[in-house]
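Report on the following structure.
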Amino acid sequence: MAEYDPQAIEKKWQQEWDRTGVFRAETDPTRPKYYLLEMLPYPSGTLHMGHMRNYTIGDAVARYHRMRGYNVLHPMGWDAFGLPAENAAIQNGTHPRAWTNANIVEFRRVLRRFGFSYDWQREISTCEPEYYRWNQWFFLRMLEKGIAFRKKSRVNWCPQCQTVLANEQVIEGYCWRHETTLVEQKELEQWFLRITKYSDELLEDMDQLTDGWPERVLVMQQNWIGKSKGARVRFDVDGIAGLGLEVFTTRIDTIYGVSAVLLAATHPSLDRLLDGVPGRAAMDERLRAMRQSSVKAADIATAEKVGFFTGRFAINPFSGERVPIWVANFVLIEYGTGAVMCVPAHDQRDFEFAEKYSLPLKIVIQPLQGNLLRLDRMSEAYTEHGRLEESGPYTGLTSDEALERMAADAKSKNFGSSEITYRLKDWGISRQRYWGTPIPVLYCEKDGIVPVPDDQLPVRLPEDVALTGQGQSPLAGVPEFVHAKCPKCGGPARRETDTMDTFVDSSWYFYRYTDPHDDCAPFDKKIAAYWFPIDQYVGGITHAILHLLYSRFFCKVMRDLGLVNNDEPIARLFTQGMVQKGGVAMSKSRGNVVGAIDMADKYGCDTGRMYTLFAAPPEKDLEWNEQGIEGSSRFLNRVYRLIEKHAGPLKSIAVDWNASVDLASATPKEKNLIRKAHQTLKRVTNDFEIRWHFNTSVALIMELVNELSAQEPLEQDVSPIVLKRVLAMLVLMLAPMTPHIAEELWEILGNSTTLSRESWPLYREDLTREEQIEIIVQINGRVRGKFLVDDSASEDETRKRALNDPRIAALIAGKEILKVIVVQKKLVNIVLK
RNA sequence: GCGGAAGUGGCGGAAUUGGCAGACGCGCCAGCCUUAGGAGCUGGUGGCCGUAAGGCCGUAGGGGUUCGAGUCCCUUCUUCCGCACCA
């Protein structure tokens with residue numbers, strides 16, 4: 001008898017799938033489509049079982065939908081630009097392209113080894129000019145629309161390397177290559193994409209995603225966009241005519257409690273403000289220190305609040321009060337106006353600041369209910385809404401009333417207005433890096449910023465570049481790249497030497513899959529319209545914000561360019577859990593990886609696939625357990641032996657799913673098997689359609705196999721037709737999860753056509769039903785007995801059976817029955833006094 | 001601090017609609033088979049009491065709703081994740 005040989009079987013079927021091209025997707029509007037996508041990988045390091053889990057989930061769903069008759073698009077590609085390739089080049093002297101392509105070869109080999117049902121003809125790699133020219137094309141369209149623009153922005157700067165550092169290259173505030181060199185901040189002119197233009201739409205369109213996206217991802221994006229309603233109010237500076245300080249506040253109702261105006265250390269008005277103030281030199285010194293220390297976000301939250309008085313005063317436009325102007329380290333220049341009003345009684349940060357510097361407190365909001373606030377009893381700020389006091393004409397109003405009326409009054413008196421602010425900032429895409437998409441603009445002395453004309457795309461990345469990790473952008477050191485002709489005047493021009501953030505590449509790649517070889521456009525509108533939106537996207541939670549938000553933004557820009565019809569690119573998103581070992585995520589740097597190839601070599605990829613699906617529900621983190629794999633391996637061996645053993649006489653029997661099943665003449669064994677098979681199929685189908693809990697699908701299929709074993713010998717009292725049907729159902733249910741062994745078993749059962757073109761079988765409700773149902777009898781909620789009734793038993797019959805059951809009768813004899821609850825087909829609960 | 005998710009045997013987990021808690025698997029125990037077993041097969045396996053029949057307890061803690069709660073409500077605790085001085 002042949003043994004299960006996963007290595008031979010897996011190779012055999014992968015070759016067969018390649019030969020017949022079963023997974024190729026054809027754009028065919030007459031067929032219902034299903035676009036299933038896993039996030040494209042960054043080809044670096046080794047693929048381990050954490051990656052494989054992601055692809056296994058996606059592949060099972062793709063294969064299931066193919067079996068359901070959908071035209072499935074399931075592509076794969078490479079997020080091939082990025083910093084690690086450049087770092088490897090600096091450290092090992094390899095070219096980023098050589099390093100990246102070697103990784104791609106390895107990744108492709110591993111993914112093929114696992115038999116994922118990709119349409120490899122659609123493979124893309126973002127570092128190829130055929131791909132990145134469209135990044136440039138999109139950039140130019142955005143430039144035309146005013147969505148791409150240029151402004152000054154801060155970057156991390158290592159004075160030792162004399163180069164810009166990515167955030168990943170800043171380690172605890174120090175340079176990654178110089179452990180003792182503190183990273184500084186430097187201002188550079190950079191390119192930005194105006195994602196903030198879509199702030200509201202990005203927020204509102206989340207309504208379209210509530211059914212298909214995990215709530216926590218939506219919440220994270222919502223917080224990231226951070227919309228808040230408030231008001232801008234101008235405080236005039238005493239003694240400097242025309243210099244008004246605009247503050248942003250969400251609590252204009254507390255404005256009669258202002259003790260000071262606080263400015264960020266980089267506030268643009270500081271220069272004028274401090275002009276002629278005594279002690280200016282010392283203040284400049286403090287400002288310099290404050291500006292430098294604001295490098296690290298994590299420290300900022302816990303840093304002590306510090307500040308100093310500028311010597312100037314501002315006038316509260318509501319009360320006319322004169323309040324001091326301070327500089328404070330906790331005021332953010334990036335948010336609001338970079339200036340806030342300090343209301344110590346009603347803001348916790350202001351409370352702490354005022355306590356430290358002895359600024360006065362004034363209560364102007366009292367709780368609507370409960371004890372009134374008293375200054376001598378306050379140990380923290382009262383930040384709730386309430387009723388105004390000591391607030392001039394607004395005294396007595398509620399906060400809600402005052403918020404509206406005071407903003408309106410500020411507007412009519414011309415010193416303020418209501419305003420909505422967002423936390424979301426425009427997307428800085430300039431990188432002073434080599435291994436990325438060149439930004440397609442030129443700088444001409446005469447014409448200024450000149451876009452590269454479309455017919456000159458792509459602006460190719462030169463291959464021969466010295467990567468030292470030092471100096472300015474690597475491309476700036478390539479004269480033949482830098483020096484160019486101005487397309488407008490023909491005079492000398494300098495090329496932009498920055499490259500694009502690689503998040504640009506991954507913001508639209510899924511459109512390219514629909515039409516990957518188009519050299520006239522990023523993709524064909526009609527083809528994309530057929531495949532979009534993505535029906536199911538599968539990936540890690542790590543991309544919950546940036547990648548997914550940028551992708552949504554790109555979709556809206558493309559819609560406004562008339563390229564796509566959807567507001568949202570992704571209908572459903574699934575975020576799978578991580579694979580852990582020793583309680584932490586697998587990663588090469590931690591040295592706790594289980595290599596995908598090692599797994600496949602030792603057990604076969606089907607075993608690896610089954611284990612990752614079985615060991616935990618897909619959204620949960622999964623702790624890798626070598627003994628658990630043995631279990632999955634054992635199970636596949638059992639199934640193989642079971643079918644091998646019985647297949648002989650079944651080979652020539654054709655399975656006709658439409659043929660009626662005559663239960664009346666079936667033997668008890670047959671009834672058991674048919675019922676179990678249809679019950680299993682019903683629940684597994686539900687797992688694929690709705691629940692996405694493949695761990696229970698595997699468990700159910702294991703139960704079916706256990707039932708088959710329990711009914712041995714299957715040659716007795718089971719007709720070959722029934723047995724063949726049940727075994728065929730078993731194999732078809734395994735097909736999405738462990739496709740290679742399923743194909744092999746399908747063949748062993750006598751089929752000559754590939755399983756990958758078979759349909760998912762349909763369960764029959766009438767065949768899932770039990771003839772007899774076990775009823776639980778409870779007394780006061782405790783189980784006291786059980787009995788069997790016919791499926792058709794009435795409520796009355798069930799009640800009588802329960803009360804007449806000898807054991808129950810004895811237990812309730814002489815007691816008063818208050819109530820009898822009958823839940824048909826489930827239980828009877830007798831309530832005694 | 002704000003937001004989110006979770007807490008069930010020795011372990012991973014199941015319980016889909018409020019109805020037998022622990023499916024399925026791992027591990028462990030016993031037996032069979034075998035020259036051998038890190039192969040295969042059969043059976044057992046939440047805790048306590050009991051020879052047994054059976055009983056009691058049990059889903060992080062406390063309270064509530066209900067004939068009935070892992071599931072619903074209130075509350076406390078713990079863990080993990082995200083954001084973090086956002087005015």
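Below, read A as the first sequence line, B as the second, and so on, with proteins coming before strands; counting in each chain starts at 1. If you're wondering where the values come from, they're calculated on a predicted model, not measured in any experiment.
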Applying a 4.0 Å non-hydrogen cut-off, can you work out what [X] is touching in the nucleic acid: base, sugar-phosphate, or nothing?
| X | answer |
| --- | --- |
| A:Gly631 | sugar-phosphate |
| A:Arg807 | sugar-phosphate |
| A:Val698 | nothing |

Check: Quick one, which residues of residues 247-263 of chain A touch RNA chain B with a heavy atom under 4.0 Å?
Finding: A:Phe248, A:Thr249, A:Thr250, A:Arg251
Margin query: Can you list, in residue-number order, the parts of residues 684-696 of chain A that come under 4.0 Å of RNA chain B, counting heavy atoms only?
Written below: A:Asn686, A:Arg691, A:Asn695, A:Thr696
Notebook entry, point to check: Taking only residues two or more places apart in sequence or in another chain, which ones pass salt bridge (Lys or Arg N to Asp or Glu O under 4.0 Å) with A:Glu626?
Noted result: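 In terms of salt bridge (Lys or Arg N to Asp or Glu O under 4.0 Å), with neighbours along the sequence ignored, A:Glu626 is linked to A:Lys602.
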Identify each atom pair where a protein N or O and an N or O of nucleotides 66-68 of chain B are less than 3.5 Å apart, giving names and distance.
unit_1 : atom_1 : unit_2   : atom_2 : d
B:C67  : OP1    : A:Lys819 : NZ     : 3.1
B:C67  : O2'    : A:Asn829 : ND2    : 3.2
B:C67  : O2     : A:Asn829 : ND2    : 2.6

Protein-nucleotides 5-12 of chain B N/O pairs under 3.5 Å:
unit_1 : atom_1 : unit_2   : atom_2 : d
B:G12  : O2'    : A:Ala615 : O      : 2.5

Check: Quick one: A:Leu218 CG to B:G82 C1', roughly how many Å, whole number?
Finding: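 My rounded result for the distance is 14 Å.
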Item checked: Worked verdict on A:Phe688 versus A:Phe694 for ring pair (Phe, Tyr, Trp, His ring centres under 6.0 Å) -> CA-CA 7 Å; A:Phe688 271 94; A:Phe694 310 114; 5.0 Å; yes
Next item on the list: Starting at the 5' end of nucleotides 34-48 of chain B, put B wherever the base has a protein heavy atom under 4.0 Å, S where only the sugar-phosphate does, and a dash everywhere else.
Entry: ------SS-------
Next item on the list: Specify the glycosidic conformation (syn or anti) of B:G9, with syn defined as within 90° of 0.
Entry: syn
Notebook entry, point to check: Can a side chain N or O of A:Tyr335 be found less than 4.0 Å away from OP1 or OP2 on B:A87?
Noted result: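 So the side-chain polar atoms of A:Tyr335 do come within 4.0 Å of the phosphate oxygens OP1 or OP2 of B:A87, strictly under.
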Notebook entry, point to check: For A:Thr337 and A:Arg232, does a side-chain donor sit closer than 3.5 Å to a side-chain acceptor?
Noted result: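 There is no such pair between these side chains.
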Item checked: Nearest-Å distance once atom C1' is located in both B:U65 and B:G46 ->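 Looking at atom C1' only, B:U65 and B:G46 are 28 Å apart.
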